[in-house]
Trainee: 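Before I ask anything, let me first share the structure, which is written out below as structure tokens.
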Amino acid sequence: MSRLFSKQGVRDLFLGLGLMGATLALLLYPQASMEAARTGLQLCGNVIVPSLFPFFVLSSLVVELGLAGYLGRLLEGVMRPLFRVNGACASAFALGFIGGYPVGAKTAISLYQNGMCTKTEAERLLAFCNNSGPAFILGVVGAGVFASSRVGVLLCLAHALASVCIGVLFRFYGRNGEKKRGERRLSPQFQAQHFTAAFTGAVKNSFFSTLNICAFVIFFTVVIQMLVISGFLPGLARVLGTVLAPFGMTPEWAQRLLTGLVEISSGVWTLSGEGTLSGRLTMAAFILGWAGISVHCQVLSFLGDSGLSARTYLLGKLLHGGLAALFTAGLVRLIPLEAPVSDYLAQQVADIAGTDFSSTLMLSVVCAWLVFLLFFLAAAAGSRKKLGKGRASML
């Protein structure tokens with residue numbers, strides 16, 4: 001099969017058939033495709049834009065103003081022995097956990113393009129710094145899908161633990177090549193921009209990055225709808241369920257898995273149906289770790305001409321999903337999750353579902369600027385420490 005697809009003519013044939021099938025689906029189901037596009041636009045307007053845009057601006061400012069460099073001096077002793085990256089990479093690690101997909105990946109790419117980390121370090125970061133934000137796991141998945149705050153905390157812990165384990169594992173990536181090439185930062189003479197220039201550039205670039213992500217979200221929302229309504233996804237799920245039946249896979253679970261492999265939000269929402277709680281949680285953990293092809297396309301669009309390899313990123317996300325599912329299966333046995341849902345959690349679900357654009361934007365901006373303030377205080381502390389050492393040496 002691999003030899004067959006290695007031929008250019010065969011690949012072009014399948015690509016042409018796929019495009020023809022997509023065009024035919026749009027012609028046969030125009031109303032469904034329009035509804036799916038509206039759903040994607042609503043998702044972008046209520047969630048994607050207000051939650052990601054402030055963190056894109058923040059990540060750009062942290063790099064362009066040189067705050068990542070100050071932070072690096074403070075955290076070099078942690079990041080280097082644990083993940084084999086310099087301290088400046090801590091900004092990508094922190095923002096990747098707080099901002100959600102794909103803020104961590106974009107920050108890692110910016111660090112490399114500004115000469116604040118080597119190519120190997122950037123590729124290591126891509127493997128474990130592009131994570132789901134706690135707001136999505138605790139709010140949407142925990143309270144919204146499973147109606148349980150305990151489930152949200154459990155999934156968040158498993159997700160974070162798996163990410164750290166992937167980072168430790170990938171510290172060995174490129175080790176020999178790094179020594180042979182003697183890699184150094186691209187631009188050791190990095191000069192921080194003035195705030196006005198950095199701020200205007202950050203807002204402009206973040207706006208285009210957010211639009212780029214919205215395009216992928218809308219596209220894959222339509223793709224999922226077309227695959228379902230045309231019967232292709234259910235048919236593929238039946239085949240997969242038959243093949244994996246000895247492992248306990250059913251067509252229903254196969255369709256949930258295939259949906260999550262393509263798009264994360266649609267995938268986790270399918271888990272609100274029937275099935276054992278442990279099984280649904282394990283699959284949710286895998287989907288959150290894998291992130292979906294939609295998120296991968298967003299990251300690949302940022303990679304562009306950066307020269308960074310996507311292999312470590314994709315391998316890291318696959319391992320992240322597997323480890324998160326394994327940790328979740330273990331935590332389910334230790335933490336009781338069968339407690340009845342309280343009225344507070346029911347109200348929490350209703351509040352999340354009814355959150356409007358302005359509220360989401362306000363919360364996101366507040367969180368972003370609090371993180372920016374923490375980075376600024378860390379940078380100030382690093383400057384004072386360096387100044388104190390300079391004075392001590394003069395004496």
Side-chain angles (χ1 to χ4, degrees), residues 56 58-99 101-131 163-193 198 201-202 205 209 296 298-320 375 378-379 382-383 386:
F56 277 153
L58 170 64
S59 65
S60 181
L61 288 176
V62 167
V63 175
E64 298 295 338
L65 294 177
L67 297 182
Y70 289 110
L71 187 69
R73 297 188 183 98
L74 293 177
L75 299 178
E76 182 78 19
V78 176
M79 300 298 291
R80 179 67 66 181
L82 192 60
F83 304 121
R84 202 175 179 81
V85 296
N86 71 75
C89 297
S91 58
F93 184 64
L95 291 171
F97 272 113
I98 299 171
Y101 313 114
V103 176
K106 188 175 185 299
T107 307
I109 296 168
S110 298
L111 288 171
Y112 171 66
Q113 291 174 336
N114 284 275
M116 303 187 74
C117 69
T118 66
K119 180 180 179 181
T120 302
E121 288 175 334
E123 290 175 347
R124 287 173 185 154
L125 286 175
L126 287 174
F128 71 98
C129 282
N130 195 48
N131 303 306
S163 177
V164 173
C165 289
I166 295 300
V168 174
L169 179 63
F170 271 83
R171 75 184 304 277
F172 302 103
Y173 165 77
R175 187 172 182 176
N176 295 329
E178 194 176 26
K179 288 182 178 180
K180 291 179 181 179
R181 293 190 301 267
E183 277 191 348
R184 297 187 179 187
R185 299 180 191 178
L186 292 177
S187 178
Q189 303 300 323
F190 169 76
Q191 295 293 327
Q193 296 186 24
N205 295 331
S209 298
H296 300 337
Q298 297 166 21
V299 174
L300 293 177
S301 69
F302 291 130
L303 283 176
D305 299 327
S306 65
L308 298 175
S309 172
R311 288 178 299 178
T312 56
Y313 165 74
L314 294 173
L315 178 59
K317 297 312 297 176
L318 183 61
L319 291 175
H320 191 176
F375 281 144
S383 299
K386 182 179 179 181

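Everything quoted here is computed from the prediction, not taken from an experiment.
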Trainee: We want to know whether E123 and Y173 form a side-chain donor-acceptor pair, criterion being a heavy-atom distance below 3.5 angstrom.
Mentor: yes
Trainee: Determine the minimum heavy-atom distance between M79 and N86, stating which atoms define it.
Mentor: CB-O, 3.9 Å
Trainee: Would the distance check show the side chain of R124 and the main-chain N or O of V85 forming a donor-acceptor pair, the cut-off being under 3.5 Å?
Mentor: no
Trainee: Can you check whether N130 reaches L126 side chain to side chain, under 4.5 Å on heavy atoms?
Mentor: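 The answer is no; the side chains never approach within 4.5 Å.
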Trainee: Taking the side chain as everything from C-beta on, heavy atoms only, tell me whether F170 gets closer than 4.5 Å to L319.
Mentor: yes
Trainee: Can you name the nearest heavy-atom pair linking C117 to A108, along with the distance?
Mentor: SG-O, 4.4 Å
Trainee: Do C129 and T107 have side chains that get closer than 4.5 Å, going by heavy atoms?
Mentor: no
Trainee: Donor-acceptor check, side chain of S60 to backbone of F56, threshold 3.5 angstrom: yes or no?
Mentor: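 Side chain of S60 to backbone of F56: no pair is present.
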Trainee: Could you grab the distance from atom OG of S163 to atom CG of N131, nearest 0.5 Å is fine?
Mentor: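 Interatomic distance, S163 OG to N131 CG, rounded to 0.5 Å: 3.5 Å.
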Trainee: Taking atom OH of Y313 and atom NE2 of H320, what is their separation to the nearest 0.5 Å?
Mentor: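 Going from the OH atom of Y313 to the NE2 atom of H320 covers 11.0 Å.
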Trainee: How long is the straight-line distance from OG of S309 back to NZ of K119, given to the nearest 0.5 Å?
Mentor: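 Reported value, rounded in 0.5 Å steps: 7.5 Å.
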Trainee: Rounded to the nearest 0.5 Å, what separates atom SG in C89 from atom CZ in F83?
Mentor: 10.5 Å
Trainee: What distance do L61 atom CG and S91 atom OG have between them, rounded to the nearest 0.5 Å?
Mentor: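 Here the rounded value is 12.0 Å.
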Trainee: Provide the closest heavy-atom pair for V299 versus P102 in the form atom of the first, atom of the second, distance.
Mentor: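 Residues V299 and P102, closest heavy atoms: CG2-CB, 3.9 Å.
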Trainee: Which pair of non-hydrogen atoms, one from R84 and one from E121, has the smallest distance, and what is that distance?
Mentor: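 Smallest interatomic distance, heavy atoms only, reads O-CG, 4.1 Å.
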Trainee: Indicate the ring-plane relationship of F93 and F97, choosing parallel, tilted or perpendicular according to the 30° and 60° boundaries.
Mentor: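 Correct class here is perpendicular.
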Trainee: Kindly compute the distance separating CG (L125) from OG1 (T120), expressed to the nearest 0.5 Å.
Mentor: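 Nearest 0.5 Å value for the CG-OG1 distance: 11.0 Å.
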Trainee: Please give me the minimum heavy-atom distance between R171 and R80, naming the atom from each residue.
Mentor: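 In this case the closest contact between R171 and R80 is NH2-O, 3.9 Å.
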Trainee: Where do A127 and I166 come nearest, in terms of heavy atoms and distance?
Mentor: O-CG2, 3.5 Å
